[in-house]
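Down below is the structure, laid out as structure tokens.
Residue numbering restarts at 1 for every chain, and letters A, B, ... go by the order of the sequence lines.
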Amino acid sequence: MAQTFRERVYECVKLIPTGRVSTYKDIANLLGEPNSCRAVGQALKTNPFSPVVPCHRVIKSDGKVGGFQGTPNSKEKVMMLEKEGVRIIDGKVKDRSFFYVLQASFDR
DNA sequence: GGAACGGCTAAGG
DNA sequence: GCCTTAGCCGTTC
């Protein structure tokens, strides 16, 4: 394939609007490989588009923020997400309503 | 070509 | 609620 798995991950992450978040599994599932959730995390970690890809909007399936670019739990990012409209409690998104429903280019 | 890594996930204690 | 164990995937060195 022309692009690597991670490149597609970046595209999906960049599609996440402000005030919304997504999970590694959801992104992997969108790419058609729900089992590659770890590869997604790896891709975001080694992302060459750090400022371009909102990695802080990608969290774990449990709703936990996890970490950012190697930081166990950057509360700075958490507060930023809250400022964008995402309700984060104790470093976790308790409301599933904030999870952005990613979708493939099938109908739009 | 092969081993190691990682922001994981799921299950169990 | 937090930590550990095991499994699994793609990229990087």
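Residues A43(A) and Y10(A) share a closest heavy-atom pair of O-OH, 2.9 Å. Between S50(A) and C55(A) the shortest heavy-atom distance is O-SG, 4.0 Å. Heavy atoms only, all atoms of each residue included: E82(A) and I88(A) are closest at OE2-O, 2.9 Å.
Distances shorter than 4.0 Å separate none of the side-chain N or O atoms of K25(A) from OP1 or OP2 on dT9(B).
The distance from the CD atom of E84(A) to the CZ atom of F98(A) is 12.0 Å, given to the nearest 0.5 Å. Note that CD1 of I27(A) is 6.0 Å distant from CG of L44(A), once rounded to the nearest 0.5 Å. We find the CZ-CG distance between F5(A) and L31(A) to be 5.0 Å, quoted to the nearest 0.5 Å. Considering CZ of F99(A) and OG of S61(A), their distance stands at 7.5 Å, rounded to 0.5 Å. Of the inter-residue distances, the one linking L102(A) atom CG with L30(A) atom CG reads 5.5 Å to the nearest 0.5 angstrom. Once rounded to the nearest 0.5 Å, the distance linking NZ of K77(A) with CD1 of I59(A) reads 14.5 Å.
DNA chain B is contacted by both S61(A) and V40(A); V40(A) maps to the nucleotide lying nearer its 5′ end (nearest heavy atom per residue).
Salt-bridge formation is not detected for the pair D62(A)/K60(A): no Lys NZ or Arg NE/NH1/NH2 atom is positioned less than 4.0 Å from an Asp or Glu carboxylate oxygen.
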Show each protein N/O and nucleotides 11-13 of chain B N/O combination with a separation under 3.5 Å, one pair to a line.
none

I'd like a list of close polar pairs between nucleotides 2-5 of chain C and the protein, N/O only, cut-off under 3.5 Å.
unit_1: dC2(C); atom_1: OP2; unit_2: K92(A); atom_2: NZ; d: 3.2

Pick out the pairs of N or O atoms, protein on one side and nucleotides 9-13 of chain C on the other, that lie under 3.5 Å.
unit_1: dC9(C); atom_1: O3'; unit_2: S36(A); atom_2: OG; d: 3.4
unit_1: dG10(C); atom_1: OP1; unit_2: E33(A); atom_2: OE1; d: 2.9
unit_1: dG10(C); atom_1: N2; unit_2: Q42(A); atom_2: NE2; d: 2.9
unit_1: dT11(C); atom_1: OP1; unit_2: F5(A); atom_2: N; d: 3.0
unit_1: dT11(C); atom_1: O3'; unit_2: R6(A); atom_2: NH1; d: 2.6
unit_1: dT12(C); atom_1: OP1; unit_2: R6(A); atom_2: NH1; d: 2.6
unit_1: dT12(C); atom_1: OP1; unit_2: R6(A); atom_2: NH2; d: 3.3

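Under a hydrophobic-cluster definition in which Ile, Leu, Val, Met, Phe, Trp and Tyr are linked whenever side-chain heavy atoms come within less than 4.5 Å, directly or via other members, V21(A) and M80(A) are assigned to different clusters. M79(A) and I89(A) are members of different hydrophobic clusters when ILVMFWY side chains are connected at heavy-atom separations under 4.5 Å.
Residue N47(A) is in base contact, counting any heavy-atom pair closer than 4.0 Å across all strands shown. Residue V58(A) is in base contact, counting any heavy-atom pair closer than 4.0 Å across all strands shown.
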For Watson-Crick and G-U wobble pairs within 3.5 Å on both distances, what is DNA chain C written in dot-bracket notation, | included for inter-strand pairing? .||||||.|||||
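At least one donor-acceptor pair under 3.5 Å links the side chain of R57(A) to the backbone N or O of I16(A). Y24(A) contributes no side-chain N or O that, together with a main-chain N or O of Q42(A), makes up a donor-acceptor pair within less than 3.5 Å.
Rounding to whole angstrom units, NZ of residue K45(A) and C1' of dG6(B) are separated by 5 Å.
Among residue pairs with one or both ends in residues 14-34 of chain A, those qualifying as salt bridge (Lys or Arg N to Asp or Glu O under 4.0 Å) are E11(A)-K14(A); sequence neighbours excluded.
In the region residues 9-16 of chain A, proximity to DNA chain C at under 4.0 angstrom, judged on heavy atoms, holds for none of the residues.
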